[in-house]
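Below: one structure, written as structure tokens.
Along the sequence shown, the residues carry numbers beginning at 1.
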Amino acid sequence: MAEYIFNIFAFALPVIFSITAHEASHGLIAYWFGDDTAYRLNRITLNPLRHIDIFGTIILPIILFLAGGIIFGFAKPVPVNFYKLYPYRFGTIMVALAGPLTNIILAILSGFLINAAPFFPSNFAIWWINMLTLSIQLNYILALFNMIPLLPLDGGRVLFALLPWSLNKIRFFFEKWGIALLLCVVFLIPFVASKMGYDIRPLAWILERPVGSLYDHTLNITVFNKE
């Protein structure tokens with residue numbers, strides 16, 4: 001029973017902290033560029049209770065973990081009034097990039113923290129390594145997934161901040177329907193394909209190879225004793 005609880009924590013801690021830090025960083029950078037919306041709502045915090053979405057932060061990652069697929073999730077989006085940002089385009093890009101960059105930093109930091117394992121009792125050391133290797137994978141998944149150039153993801157924010165104002169109608173369309181399109185790609189298409197006997201997983205095709213490569217490179221650079 002104790003081992004089962006430890007395994008839950010090894011999974012839950014990286015999920016909750018990675019998603020929380022991702023969202024808090026959006027609010028912090030928005031505040032630096034002139035929008036205090038997240039600050040006034042007390043969303044620039046690492047307190048997970050301010051960011052957790054029951055489905056996106058807890059239920060969905062557990063389902064994906066048990067299904068053996070790519071693990072990702074989401075928190076309640078930090079509210080940002082992009083029209084308050086100054087300068088608008090550069091501020092929008094920096095706010096959007098803040099989340100993925102935070103996840104990349106956390107992945108690298110997790111790699112360095114693995115080096116503390118020899119200082120712990122053997123059972124805890126194994127748990128420590130498992131938790132941090134999962135943290136590396138999860139943070140890279142969150143970073144790359146959010147950089148897909150589709151609104152309302154961060155990559156979509158960057159893309160439309162660079163495009164001319166004349167394309168605003170397209171931006172408004174994806175603001176409204178982008179999440180539905182994303183859910184179709186992530187869940188509906190693989191489900192329908194599986195019922196027809198096909199293995200079609202667009203998200204896995206996009207993320208598996210780059211995440212695996214970044215994971216391997218991170219361990220090679222950050223872990224000093226690989227025996």
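- For the side chain to side chain donor-acceptor pair (under 3.5 Å) with His22, the lone residue among Thr102, Asn139, Asp154 that qualifies is Asp154.
- Both Leu153 and Trp177 belong to a common hydrophobic cluster when Ile, Leu, Val, Met, Phe, Trp and Tyr are linked at side-chain heavy-atom distances under 4.5 angstrom.
- For Lys84, the NZ atom sits in a packed shell: over 12 heavy atoms of surrounding residues, nucleotides or ligands are nearer than 6.0 Å.
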Check step by step if side chain to side chain contact (heavy atoms under 4.5 Å, CB included) holds for Trp32 and Leu28. CA-CA 6 Å; Trp32 288 354; Leu28 177 62; 3.6 Å; yes
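- In plain terms, the two heavy atoms of Leu151 and Gly156 that are nearest each other are CD2-C, 3.6 Å.
- Under the 4.5 Å side-chain criterion, counting only non-hydrogen atoms from C-beta, Leu207 is not in contact with Tyr140.
- Under the 4.5 Å side-chain heavy-atom criterion for grouping Ile, Leu, Val, Met, Phe, Trp and Tyr, Val80 is not connected to Phe160 through any hydrophobic cluster.
- Applying the ring-ring contact (aromatic ring centres under 6.0 Å, His included) test to Trp128 and every residue at least two apart in sequence or in another chain returns Phe120.
- Under the side-chain hydrogen bond (donor to acceptor under 3.5 Å, both in side chains) criterion, Asp216 pairs with no residue, sequence neighbours left out.
- Under the 4.5 Å side-chain heavy-atom criterion for grouping Ile, Leu, Val, Met, Phe, Trp and Tyr, Phe82 is not connected to Leu167 through any hydrophobic cluster.
- The structure places CD1 of Ile179 at 10.5 Å from SG of Cys184, a figure rounded to the nearest 0.5 Å.
- For Arg43 (side chain) and Glu23 (main-chain N/O), no donor-acceptor pair under 3.5 Å exists by modelled atom type.
- Rounding to the nearest 0.5 Å gives a distance of 12.5 Å between CG of Leu144 and CD of Glu208.
- In this structure His51 satisfies the ring-ring contact (aromatic ring centres under 6.0 Å, His included) test with no other residue, sequence neighbours excluded.
- Residues Ala24 and Leu46 approach most closely at CB-CD2, 4.3 Å, considering heavy atoms.
- Residues that satisfy the side-chain hydrogen bond (donor to acceptor under 3.5 Å, both in side chains) test with Ser213, not counting sequence neighbours, are absent from this structure.
- The CG atom of Leu159 sits 9.5 Å away from atom CG of Leu150, with the distance rounded to the nearest 0.5 Å.
- Taken from CD1 in Ile141 to CG in Leu214, the straight-line distance is 11.0 Å, to the nearest 0.5 Å.
- Distance alone, capped at 3.5 Å, is enough to place a donor-acceptor pair between the Thr133 side chain and the Asn130 backbone.
- Contact record, Gly27 with Ala38: CA-CB, 3.8 Å, taken as the closest heavy-atom pair.
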Worked verdict on Phe145 versus Leu182 for side chain to side chain contact (heavy atoms under 4.5 Å, CB included): CA-CA 11 Å; Phe145 173 76; Leu182 194 61; 3.7 Å; yes
Extract all donor-acceptor atom pairs below 3.5 Å that involve side chains of residues 86-99 and protein atoms in other chains or at least two apart in sequence.
from	atom 1	to	atom 2	distance (Å)
Arg89	NH1	Ala161	O	2.5
Arg89	NH1	Leu163	O	2.9
Thr92	OG1	Tyr88	O	2.8

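- Nearest heavy-atom pair, Asn115 versus Phe112, reported as atom, atom and distance to 0.1 Å: ND2-O, 2.9 Å.
- More than 12 heavy atoms of other shown residues, nucleotides or ligands fall within 6.0 angstrom of atom CZ in Phe124.
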What verdict does the side chain to side chain contact (heavy atoms under 4.5 Å, CB included) test give for Thr222 and Ile114, after you've listed the backbone C-alpha separation in whole Å, the side-chain angles of each residue and the deciding distance to 0.1 Å? CA-CA 8 Å; Thr222 60; Ile114 290 176; 5.9 Å; no
Report the C-alpha distance between Ile136 and Leu132 in whole Å, list the side-chain angles of each, state the deciding distance to 0.1 Å, and finish with yes or no for side chain to side chain contact (heavy atoms under 4.5 Å, CB included). CA-CA 6 Å; Ile136 296 171; Leu132 292 172; 5.6 Å; no
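- For the pair Arg171 (side chain) and Trp165 (backbone), a donor-acceptor distance under 3.5 Å is absent.
- Atom CZ of Arg50 and atom OG1 of Thr20 lie 12.0 Å apart (nearest 0.5 Å).
- Taking both residues in full, the closest heavy atoms of Asn146 and Pro100 are given as CB-CG, 4.2 Å, listed atom of the first, atom of the second, then distance.
- Rounding to the nearest 0.5 Å gives a distance of 14.0 Å between CD1 of Ile126 and CE of Met131.
- There is no path of hydrophobic side-chain contacts, each under 4.5 Å, that joins Leu142 to Val78.
- For the ring-ring contact (aromatic ring centres under 6.0 Å, His included) test, no residue two or more places apart in sequence or in another chain qualifies with Phe174.
- Here the side chain of Asp35 pairs no donor or acceptor atom with the backbone of Ala30 at under 3.5 angstrom.
- Residues Ser18 and Asn103 are in side-chain contact: their nearest non-hydrogen atoms beyond the backbone lie under 4.5 Å apart.
- Nearest heavy atoms, Ala10 versus Leu134: O-CD2, 3.5 Å.
- With hydrophobic clusters built from ILVMFWY side chains whose heavy atoms lie under 4.5 angstrom apart, Tyr39 does not share a cluster with Leu49.
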